Amino acid sequence: MSTHAPVRVLRTIRGMPTSDGAGVRLTRVIGGSSLPDLDPFLLLDEFGTEKAEDYIAGFPSHPHRGFETVTYMLDGRMRHKDNHGNEGLLTPGSVQWMTAGRGLVHSEMPEQESGRMRGFQLWVNLPARDKMTAPKYQEFAPEAIPQLTPAAGVRVKVIAGEVDGTAGPIVQPATDPVYLDIGLEAGATWDYRLPEGHHAFAYVFEGDAVIGLGEDARPLASQEMAVLGGGDALHVVGGTRDARLILVAGRPLREPVARHGPFVMNTRQELMQAFVDLQEGRF
Ligand code: MN
């Protein structure tokens, strides 16, 4: 892959409506049949509803091992608690980057009975050497997430990665992630250099936008995801009305993946061990 080659949209994906937890309705963009994974990303769920019955049941007690869950709240409040005594409240605009590592059992429950709940949960894989690391949280309030105006009509919140020398607060050397929340006024343009060799995607969650230049320009509608590739020079243009999208990239791990539900390991044997360890109280 040559540097500075333009980023192209390799394919587009629409999420599938599903439910998880105790019956929370959400849209699964990565992790469903249309895109099982995009190394190192294992799952992307968008949740967004005004109806309490869609989210009120929440995600009661459940385990994780071998990867990281990243929750980015846009609207609403969610409380998390784990079996190691960690607890916190996710408020609008906050992010929680949780390294499950060797394992924890937690709940993620709405801290509201009405109103809008909206956000994303992304699962990021860990390399074999880090899968059994101690659990860890990187949790940031909205004011700890830098917000820049890198071009006219463009507003970028830097959760992870770097924009014009400003780094986001998340540290994860294994996958060196980029996670940006980009707001584009209609017709505004922005050029951004992705780390070379990263796998990347963009997901539009408000309005519409265009990715790519010239013949390769590809419009994206709301709730459409683009798998990106072909180069590292991203050109994005706001569409017919104000748009908002997330841009996420990470270094692929290129390791075997053995996954079942909330466990993501390298081998089937490690997966079986995770079940045994959970049953015997070693999480
Ligand atoms: Mn969870």
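The basis for the numbers below is simple: all heavy atoms, side chains too, and nothing from hydrogens, waters or symmetry mates. Counting starts at 1 for both ligands and their atoms, in listed order. Model, not experiment: these values are computed from the prediction.
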> Between R118 and E206, is there a salt bridge with N-O shorter than 4.0 Å?
Replying inline: yes
> Taking the six-membered ring for Trp, are F205 and F120 ring centroids under 6.0 Å apart?
Replying inline: yes
> Does H80 bring an N, O or S atom to within less than 2.8 Å of the Mn ion (ligand 1)?
Replying inline: no
>> If I take the Mn ion (ligand 1) as the centre, what angle separates the NE2 atom of H62 from the NE2 atom of H106? Nearest 10 degrees is fine.
In response: 90°
> Do the two ring centres, one from F283 and one from H64, sit under 6.0 Å apart?
Replying inline: no
> Among F41, W123, F263, which residue meets the side-chain contact (heavy atoms from CB on, under 4.5 Å) test with F67?
Replying inline: W123
> Which N/O/S atom belongs to E108 and is the closest one to the Mn ion (ligand 1)?
Replying inline: OE1
